[in-house]
Student: 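The following block contains the structure, expressed as structure tokens.
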Amino acid sequence: LSAMLARWMLLVGLIVYTVIGVDVKELVPKKEVPSNKRDLLPVDLTSRNFAHHINDGNIWLLEFYSPNCVHCVEFKSTYEEIAAMYHAQENKEKKIRVGRINASEERALATRFSIEAYPYFFVVDGFQVYAYEAQKRNKQTMVRFVEGAYKKIDPIPFFMSPMGPVGILQGFMISAGNFLVDTFAWSESTLGLSPVVTAGILFGAMFMACFFLIVAIAILATPKVKLD
């Protein structure tokens with residue numbers, strides 16, 4: 001009984017830490033990655049790290065690719081040259097960052113950006129998203145686009161934009177899904193809890209959170225009585 005109670009407490013602690021912003025993966029020891037030429041390569045973006053990188057205040061050039069796409073493979077070295085050029089620059093208030101998304105694996109992100117063909121490129125500047133639709137796909141044209149030519153075209157309409165209300169909602173749903181997957185996997189491998197028990201604890205935690213939120217709103221909304 002005490003062992004089961006300890007497991008439940010650990011899981012509840014995990015949920016609390018995750019809610020306030022600690023990633024589940026941070027609880028697991030990570031292998032150190034040496035800082036070398038990887039820093040100059042395009043940043044590999046996934047549904048787990050997309051929001052962290054894209055909201056850093058920089059301008060992002062994004063590529064959606066597929067490993068099986070011939071055009072993607074042919075353009076890979078050129079795109080890495082572009083990334084190395086910008087990632088080597090320092091002492092700039094607003095940098096240009098270069099990222100890439102494997103759309104074959106990150107289907108949720110591909111859906112968020114309405115990807116229908118590969119490769120496909122975007123410039124993300126704050127909440128504005130600009131699609132690169134030039135017929136020429138070379139280093140010179142792409143560098144010119146990301147360094148300011150994108151401002152000459154209209155961005156994707158904000159409401160349907162990947163960074164607009166619909167896109168943010170999709171991002172939230174993706175994050176929630178990742179959280180549930182990580183939590184179930186962690187509880188089963190570390191605590192030995194079955195998915196049914198984990199689901200019960202999560203439901204109980206959400207119920208308690210909603211309960212305290214309703215109580216807090218009720219207290220704040222209650223008018224104060226003035227005493228004469």
Side-chain angles (χ1 to χ4, degrees), residues 37-175 178:
K37 293 183 179 180
R38 290 179 179 272
D39 296 335
L40 300 180
L41 291 175
V43 180
D44 290 310
L45 299 175
T46 67
S47 59
R48 300 178 185 277
N49 65 10
F50 182 81
H52 171 74
H53 286 290
I54 212 71
N55 295 324
D56 63 358
N58 295 313
I59 298 172
W60 278 85
L61 172 64
L62 302 180
E63 177 196 22
F64 283 84
Y65 73 96
S66 172
N68 300 323
C69 168
V70 176
H71 299 293
C72 301
V73 175
E74 292 177 348
F75 193 70
K76 180 179 178 181
S77 59
T78 301
Y79 196 68
E80 289 180 350
E81 289 178 9
I82 296 174
M85 180 181 70
Y86 288 119
H87 292 177
Q89 297 177 357
E90 298 180 355
N91 302 324
K92 281 191 174 183
E93 294 183 0
K94 195 170 188 178
K95 300 179 181 179
I96 295 176
R97 303 288 293 168
V98 181
R100 59 188 174 191
I101 299 99
N102 184 345
S104 298
E105 296 181 354
E106 299 297 330
R107 296 183 180 180
L109 281 177
T111 301
R112 180 174 175 177
F113 278 78
S114 302
I115 302 300
E116 298 179 352
Y118 309 117
Y120 213 100
F121 302 89
F122 297 91
V123 167
V124 179
D125 186 359
F127 289 100
Q128 302 293 331
V129 181
Y130 303 82
Y132 178 84
E133 298 179 345
Q135 294 182 352
K136 293 183 179 180
R137 191 186 303 123
N138 53 50
K139 181 178 179 180
Q140 182 180 4
T141 305
M142 192 161 292
V143 167
R144 188 184 305 116
F145 183 77
V146 74
E147 289 189 352
Y150 68 88
K151 296 180 180 179
K152 297 179 181 180
I153 65 174
D154 294 329
I156 298 175
F158 180 69
F159 184 78
M160 297 302 297
S161 168
M163 302 301 292
V166 175
I168 291 176
L169 178 60
Q170 289 177 320
F172 174 78
M173 294 176 65
I174 293 171
S175 298
N178 288 333

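Reckoned from all heavy atoms, side chains included, excluding hydrogens, waters and symmetry mates. Throughout, residue positions are numbered sequentially from 1 according to the sequence presented. All of these numbers come straight from a predicted model, not from anything done at the bench.
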Student: For the atom pair CH2 (W60) and CE (M163), what is the distance rounded to the nearest 0.5 Å?
Tutor: 11.5 Å
Student: Under a 4.5 Å cut-off applied to non-hydrogen side-chain atoms, are V98 and V43 in contact?
Tutor: no
Student: To the nearest 0.5 Å, what is the distance between CG (L61) and CZ (R100)?
Tutor: 12.0 Å
Student: Would you say the side-chain atoms of H87 pair up with the backbone N or O of P42, donor to acceptor, closer than 3.5 Å?
Tutor: no
Student: For F121 and Y79, take the angle between the two ring planes, folded into 0 to 90°, and tell me which bin it lands in: parallel under 30, tilted 30 to 60, perpendicular over 60.
Tutor: tilted
Student: Which atoms form the tightest heavy-atom contact between Y118 and F64, and what is the distance?
Tutor: CD2-O, 3.9 Å
Student: For Y86 versus V146, what's the shortest heavy-atom pair and its separation?
Tutor: OH-CG1, 3.3 Å
Student: Answer yes if the ring centres of Y130 and F122 are under 6.0 angstrom apart, and no otherwise.
Tutor: no
Student: Minimum heavy-atom separation for F113 to V129, with atom names?
Tutor: CE2-CG1, 4.2 Å
Student: Nearest 0.5 Å, what's the OG-CD distance between S47 and E105?
Tutor: 10.5 Å
Student: Where the side chain of S161 meets the backbone of P157, is there a donor-acceptor pair that is under 3.5 Å apart?
Tutor: no
Student: Treating N49 as the side-chain partner and T46 as the backbone partner, does any N or O pair qualify as donor plus acceptor under 3.5 Å?
Tutor: yes
Student: Within the supplied structure, the quantity of interest is the number of heavy atoms (other residues, nucleotides, ligands) at a distance under 6.0 Å from F127 CZ; does it exceed 12?
Tutor: no
Student: Where do I156 and P162 come nearest, in terms of heavy atoms and distance?
Tutor: CD1-CD, 4.1 Å
Student: For the residue pair F50 and L109, establish whether any side-chain heavy-atom pair is separated by less than 4.5 Å.
Tutor: yes
Student: Rounded to the nearest 0.5 Å, how far does CD of E106 lie from CD1 of I101?
Tutor: 8.5 Å
Student: Given side chains that start at C-beta, do those of P67 and C72 come closer than 4.5 Å, heavy atoms only?
Tutor: no
Student: Does L62 reach the side chain of Y120, with side-chain heavy atoms less than 4.5 Å apart?
Tutor: no
Student: Do the side chain of D125 and the main chain of Q128 share a donor and acceptor less than 3.5 angstrom apart?
Tutor: no
Student: Determine whether more than 12 heavy atoms belonging to other residues, nucleotides or ligands lie under 6.0 Å from atom CG of N138.
Tutor: yes
Student: Answer yes or no: are there more than 12 heavy-atom neighbours, outside M85 itself, under 6.0 Å from its atom CE?
Tutor: yes
Student: Do P165 and F158 touch side chain to side chain, with heavy atoms closer than 4.5 Å?
Tutor: yes
Student: Is N58 reaching over with its side chain to a backbone N or O of R97, donor-acceptor style, under 3.5 angstrom?
Tutor: no
Student: For side chain to side chain contact (heavy atoms under 4.5 Å, CB included), just list the numbers for Y150 and I59, CA-CA rounded to whole Å, side-chain angles, deciding distance to a tenth of an Å, and then say yes or no.
Tutor: CA-CA 11 Å; Y150 68 88; I59 298 172; 3.6 Å; yes
Student: Are N102 and D44 packed together at the side-chain level, in the sense that at least one heavy-atom pair is separated by less than 4.5 angstrom?
Tutor: no
Student: What is the distance from atom NZ of K152 to atom CZ of R144, rounded to the nearest 0.5 Å?
Tutor: 9.0 Å
Student: Measure the CD-CZ distance between E63 and R137 for me, rounded to the nearest 0.5 Å.
Tutor: 8.5 Å
